[in-house]
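Input: a single structure, listed below in structure tokens.
Model, not experiment: these values are computed from the prediction.
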Amino acid sequence: MACTLEDIQEASGSGRNVMAESMDILEQLSVTFKKFAVHGDHKATGKELNGKNWAKLCKDCNIADGKTTTSTDVDIVFTKVKAKSSRVITYEEFKKALEELAPRRFKGQSKEEALQSIFRLVANKEPANIGVTKVLKAAAVDRLTDSSRFTGSHKERFDSSGRGRGREGREELVENTGYVGAYRNAGTYEEKMKDK
């Protein structure tokens, strides 16, 4: 037998504040569901949660603590609530999965109290980015990317400020002036001949 919103209200005294609080928790659950549903997938709509993100949600929200609830329990519950041919769960199936995990996670509490406790664990949480690879700025990388220390043909690909020269730095562009490539007095012949 699954606990519902009505069961929670009955156990709590069925007051207006309780209803407002439970609606607020359900809204927060919905926000959490959407955040984890789109995590790591730029094409996701936020309406369905895959197994990997479900496991991440349970780990990040401390549902899977490794003692009372393990990652195996989390995977079993996911398989239990999803449709047979599906690989994802909807928001309604997500709430059913939390209802399944609540008594396992909070063994000493009643079903209603356990459900409230698990809702509080999940409400307004975001995917954690702990352990994500960060850009490393090491001395070796600085040394290898410092264009002022380049030699040979690589040196010619960059100007004095370190910016690339583009095509001019990659290809030897031929000037059709009639002078030899390194001739210093190019363009001065006409001036010398004027005087004579």
Transitive ILVMFWY side-chain link [X] to [Y], under 4.5 Å:
{"X": "Phe33", "Y": "Leu26", "result": "yes"}
{"X": "Phe119", "Y": "Val31", "result": "no"}
{"X": "Phe94", "Y": "Val88", "result": "no"}
{"X": "Ile25", "Y": "Ile63", "result": "yes"}

Is a donor from one side chain sitting under 3.5 angstrom from an acceptor on the other, for Gln109 and Ser117? yes
Which distance, rounded to the nearest 0.5 Å, do you find between the [atom1] of [X] and the [atom2] of [Y]?
{"X": "Phe36", "Y": "Cys61", "atom1": "CZ", "atom2": "SG", "value": "4.5 Å"}
{"X": "Lys56", "Y": "Asn50", "atom1": "NZ", "atom2": "CG", "value": "12.0 Å"}
{"X": "Ile118", "Y": "Asn62", "atom1": "CD1", "atom2": "CG", "value": "11.0 Å"}
{"X": "Leu49", "Y": "Asp41", "atom1": "CG", "atom2": "CG", "value": "11.0 Å"}
{"X": "Ile89", "Y": "Glu48", "atom1": "CD1", "atom2": "CD", "value": "10.0 Å"}
{"X": "Leu101", "Y": "Thr68", "atom1": "CG", "atom2": "OG1", "value": "9.5 Å"}

Nearest non-hydrogen partners of [X] and [Y], listed with the distance:
{"X": "Val77", "Y": "Glu100", "answer": "CG1-CB, 3.8 Å"}
{"X": "Ala37", "Y": "Ala44", "answer": "O-CB, 3.5 Å"}
{"X": "Pro103", "Y": "Ala114", "answer": "N-CB, 4.2 Å"}
{"X": "Lys35", "Y": "Pro127", "answer": "O-CG, 3.9 Å"}

Looking only at atom types and distance, does a side-chain atom of [X] sit under 3.5 Å from a main-chain N or O of [Y], one as donor and one as acceptor?
{"X": "Thr32", "Y": "Val122", "result": "yes"}
{"X": "Trp54", "Y": "Val74", "result": "yes"}
{"X": "Ser86", "Y": "Lys82", "result": "no"}

For Lys96, is there an ion pair with Glu93 - N to carboxylate O distance below 4.0 angstrom? no
(message) Could you check whether atom NZ of Lys80 has more than 12 heavy atoms from other residues, nucleotides or ligands sitting under 6.0 Å from it?
(response) no
Is it true that atom NZ of Lys125 has more than 12 heavy atoms of other residues, nucleotides or ligands lying nearer than 6.0 Å? yes
Check salt bridge (Lys or Arg N to Asp or Glu O under 4.0 Å) between Asp65 and all other residues, then give those that pass, not counting sequence neighbours.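 For Asp65 the salt bridge (Lys or Arg N to Asp or Glu O under 4.0 Å) partners, ignoring immediate neighbours, are Arg105.
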In sequence, state the C-alpha distance, the side-chain angles, and the governing distance for Asp73 and Cys58, and then conclude on side chain to side chain contact (heavy atoms under 4.5 Å, CB included). CA-CA 10 Å; Asp73 295 330; Cys58 291; over 6 Å; no
**OP:** Would you check if Ser71 and Lys59 make a side-chain contact, meaning some heavy-atom pair closer than 4.5 Å?
**Re:** no
Is there side-chain contact between Leu29 and Leu98, with heavy atoms separated by less than 4.5 Å?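 Yes, side chains in contact.
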